[in-house]
J.: 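Just dropping this structure here.
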Number of protein chains: 2
Amino acid sequence: MKKQLIMEKAIELFAKQGFEATSVQQITEHCGISKGAFYLSFKSKDELIIEIIDHFMIQFTSEIDYLVRNAREGENLLYKFYYAIFDSFRKHSDFGKILIKEQSRSFNEDFIVKMRYYDRLMDKTILSMVERLYGDDKVKEIKYDLVFCIKGFMSMYSQLFLFYNIPLDLDLLSTSLVEKTNLLAKNATIPFISKGLIEVFEEPKLEDLTKEQILLTLDQEIEEMEESVEKESLLLLKQQLIEPTFGRAIIKGLLENIRNHPQTRWISYLLGSFFNI
Amino acid sequence: MKKQLIMEKAIELFAKQGFEATSVQQITEHCGISKGAFYLSFKSKDELIIEIIDHFMIQFTSEIDYLVRNAREGENLLYKFYYAIFDSFRKHSDFGKILIKEQSRSFNEDFIVKMRYYDRLMDKTILSMVERLYGDDKVKEIKYDLVFCIKGFMSMYSQLFLFYNIPLDLDLLSTSLVEKTNLLAKNATIPFISKGLIEVFEEPKLEDLTKEQILLTLDQEIEEMEESVEKESLLLLKQQLIEPTFGRAIIKGLLENIRNHPQTRWISYLLGSFFNI
DNA sequence: TTGACAGATGACCGGTTAGTCAGTATTATA
DNA sequence: TATAATACTGACTAACCGGTCATCTGTCAA
């Protein structure tokens, strides 16, 4: 698939030079294809960046969300969270650079909407982690501040190794941030970000997906797949969506079946979110 | 002065659309002048952004540095620091937006050098504040982490009100961050950023200004000024630079004389830094 | 009224861009 | 092998960019 190749090379160039400073010509030259061929795979340069963002953010968001949802009591969830975040940044450092460089760009409306959307998803995940870690009511007052601090830690420390290619000790980094986060969670008493404030910022509200929306995506996915365990799982999950019959264990198992395939990872995240598993 | 007008309108447009997405044509249209007139005030579009950056960062850097250097024992320096930072962001929110949007842009070498330079200056100031607040040796191990966390707080929370124009309670915000910072400073035990790591990042080293460099800037400034208390102060400070005769009190007084004038603010910062006052 | 001159103008230049499309090459099918 | 379908090419377009410069304008002193 040419699409794959174009995306890979484009990510390299965007990371090095930025989106606007990279021309379609340059991308095609690096791919060894013609300019026309580019427009067979993508309708426009904007569509390319949107697809890149989607590809990585879907992976990233669902991976972290899975981690939080499936954390066992007693294990160090926070440590795993930080480790996964930074490990992901390290593995996909070129994409990370794009994310930071273009994070608040205003050249394209769709782009901003996309970024805000994924940012909100991450907020939701971090918030549910905070509630799970420290007890919903215990940190009630400062939980939104905690989300902000955690995001602050993430962004500051990831800049460190995105822009200086030095092998960093991720274990130490995660341990250090766990301690810092715990200190804040257990001792901070003066919240700044209140529930009301959050609601103002989150206008318009991030609605939960309706059953119908998920069904739509699900049907699309099923159509495109060949016969396999994954397809069977999807069909069963579709049935469950229309008329609940299975218990949590079966649903969880079915989701597990489709979680590790790029094509179905997003569906797995959506369904997990809907069934609250 | 046309320069002033152009800079003002350019800042508005850069904040809204970004630097690259704003054309010289657009700027001149917003000013009601011709394209040619633009090039009478600035050699190029790049020179414009550099001048904007310098104009604000000199003001910002020297203001914060003065605050830290002249903090009295017992007063809440940290609170004043946070308050000043956020107040400045609020006052110059358009510039703040540019700073965040273009912070890691790679379109212009000079621009990146400039940004890194001011970033380092801020690091230095924050570090000296941390040492002053918590004792040089007490926080020896985690002081660099503290600098990072403080910067993380700054960037996360300033994004809040740069991109949502809601009147925020700066007093509460500052108080809240003071508590968080103190918690980390007094209880954190696991450092991640070591002195060695910092040195790698700061390559090449940020050298202290030599006497000669300051003298050069000083002479330039003196040349351009008309007779005034400020000019007299500059002349005396120049003498002091060549041959130290005055005590700290006099130097501090002289610096105070020139601190609040846009033209001499930078010199005041440089000299304060050199005399360590 | 004249002339000199700084300040301002906008048509213009060379260069680059995203995107198009008529035509060519490659592969699949019959 | 002939034909149809698909994949690919790169010259081309229209628009826009930063920057230049011959020309014009308004304001002075003489």
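Order of the sequence lines fixes the chain letters, A, B, ..., with proteins taken first and strands second; residue numbering starts at 1 for each chain.
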J.: Just to be sure I understand the rule, does A/Ile33 reach a base, reach only the sugar-phosphate, or reach nothing, if contact means heavy atoms closer than 4.0 Å?
T.: sugar-phosphate
J.: Cation-pi check, B/Lys45 to B/Phe19: give yes when NZ or CZ is under 6.0 Å from the six-membered ring centre and within 45° of the ring axis, no otherwise.
T.: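 Positive - B/Lys45 is close enough to the ring of B/Phe19 and near enough to its axis.
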J.: Which whole-number value in Å describes the distance from A/Leu5 CG to D/dC8 P?
T.: 11 Å
J.: Nearest whole Å is fine: how far is C/dG19 P from A/Ile6 CD1?
T.: 13 Å
J.: With a 4.0 Å cut-off on heavy atoms, is B/Ser41 in touch with a base, just the backbone sugar-phosphate, or nothing at all?
T.: nothing
J.: What is the distance from CD of A/Glu20 to P of C/dT16, rounded to the nearest Å?
T.: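 Distance, rounded to whole Å: 17 Å.
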J.: For B/Glu256 and B/Tyr66, test the side chains for any donor-to-acceptor distance below 3.5 angstrom and give the result as yes or no.
T.: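 Side-chain D/A pair, B/Glu256 to B/Tyr66: present.
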J.: For the pair made of CD in A/Gln26 and C1' in D/dG10, what is the distance, rounded to whole Å?
T.: 18 Å
J.: Between A/Lys16 and A/Asp94 (salt bridge meaning N to carboxylate O under 4.0 Å), is one present in this structure?
T.: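 Not counted as a salt bridge, because no side-chain N and carboxylate O are separated by less than 4.0 Å.
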J.: Would you say C/dG10 has OP1 or OP2 under 4.0 Å from some side-chain N or O of B/Ser34?
T.: no
J.: Would A/Gln213 and A/Thr210 count as having a side-chain donor-acceptor pair, cut-off 3.5 Å?
T.: yes
J.: What's the CZ-C1' distance between B/Phe42 and C/dG7, to the nearest Å?
T.: 16 Å
J.: OP1 or OP2 of C/dA8 sitting under 4.0 Å from any side-chain N/O of B/Lys2?
T.: yes
J.: Using heavy-atom distances to pick each residue's nearest nucleotide on DNA chain D, tell me which of B/Gly36 and B/Tyr39 is more 5'.
T.: B/Tyr39
J.: Of the candidate nucleotides C/dA18, C/dG19, D/dG19, which contains the atom at the shortest distance from the side chain of A/Ser23?
T.: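 Minimum distance to the A/Ser23 side chain belongs to C/dA18.
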J.: Before accepting this row, confirm whether a basic side-chain N of the pair A/Glu51/A/Lys3 lies closer than 4.0 Å to the acidic partner's carboxylate O.
T.: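 Looking at A/Lys3 together with A/Glu51, the answer is yes, because their closest N to O distance falls below 4.0 Å.
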J.: What is the distance, to the nearest angstrom, from the CG atom on A/Leu40 to the C1' atom on C/dG19?
T.: 12 Å
J.: Please report the distance, rounded to the nearest Å, between CD in B/Gln25 and P in D/dA15.
T.: 15 Å
J.: Think A/Lys45 has a side-chain N or O under 4.0 angstrom from the OP1 or OP2 of C/dA18?
T.: yes
J.: Distance check needed: D/dT20 P versus B/Lys35 NZ, whole Å only.
T.: 10 Å
